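Worksheet for the structure shown next.
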Amino acid sequence: LPQDARYHELSLTDYLIYLPVGAKFEAEDYLKSLDAVHGVVSLTEGLPDGYSLQTEGVVDTQKSGVYVLNYQVSDSAYLWESRLIVVVEE
């Protein structure tokens, strides 16, 4: 990204979720939208061409605990960030 890249809001469907041990978890399922220069871009059907997703953190649904997953969506000029907290419980 260019040094003058701007940070914008990345919206998730939830920011705190509770899952039972053994549940299926896909980070992409929680993407909702991002606030772009040309308007709001929906992410519910996946990332548009030219955008990429990186996540930082691991969610182990086989083990109870609290997990933090950081999201970054970027294109050639902008970066959007958000965070999801996942509680895996018995």
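All residue numbers refer to positions in the sequence shown, counting from 1. Because the structure is predicted, anything quoted here is derived from the model rather than measured.
- Partners of V66 under the side chain to side chain contact (heavy atoms under 4.5 Å, CB included) rule, at least two apart in sequence or in another chain, are I85, V87.
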Worked verdict on N70 versus R83 for side chain to side chain contact (heavy atoms under 4.5 Å, CB included): CA-CA 4 Å; N70 294 305; R83 176 176 292 154; 2.7 Å; yes
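- For the side chain to side chain contact (heavy atoms under 4.5 Å, CB included) with V86, the qualifying choice from D60, T61, V59 is V59, the only one to do so.
- Between L43 and L10 the shortest side-chain heavy-atom distance falls below 4.5 Å.
- Summarising the local packing, CD of Q54 is surrounded by 12 or fewer heavy atoms from other residues, nucleotides or ligands at distances under 6.0 Å.
- In this structure, S64 has no side-chain hydrogen bond (donor to acceptor under 3.5 Å, both in side chains) partners at least two apart in sequence or on a different chain.
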Indicate every side-chain donor-acceptor pair of residues 15-37 with a distance under 3.5 Å to a residue at least two apart or in another chain.
| from | atom 1 | to | atom 2 | distance (Å) |
| --- | --- | --- | --- | --- |
| Y15 | OH | L12 | N | 3.1 |

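- Side chains of L79 and Q72 form a contact here, defined as non-hydrogen atoms less than 4.5 Å apart.
- Listed by first and then second residue, the side-chain hydrogen bond (donor to acceptor under 3.5 Å, both in side chains) pairs that reach into residues 39-49 are S42-T44, sequence neighbours excluded.
- Pairs engaging residues 47-69 under the ring-ring contact (aromatic ring centres under 6.0 Å, His included) rule: Y51-W80 [sequence neighbours left out].
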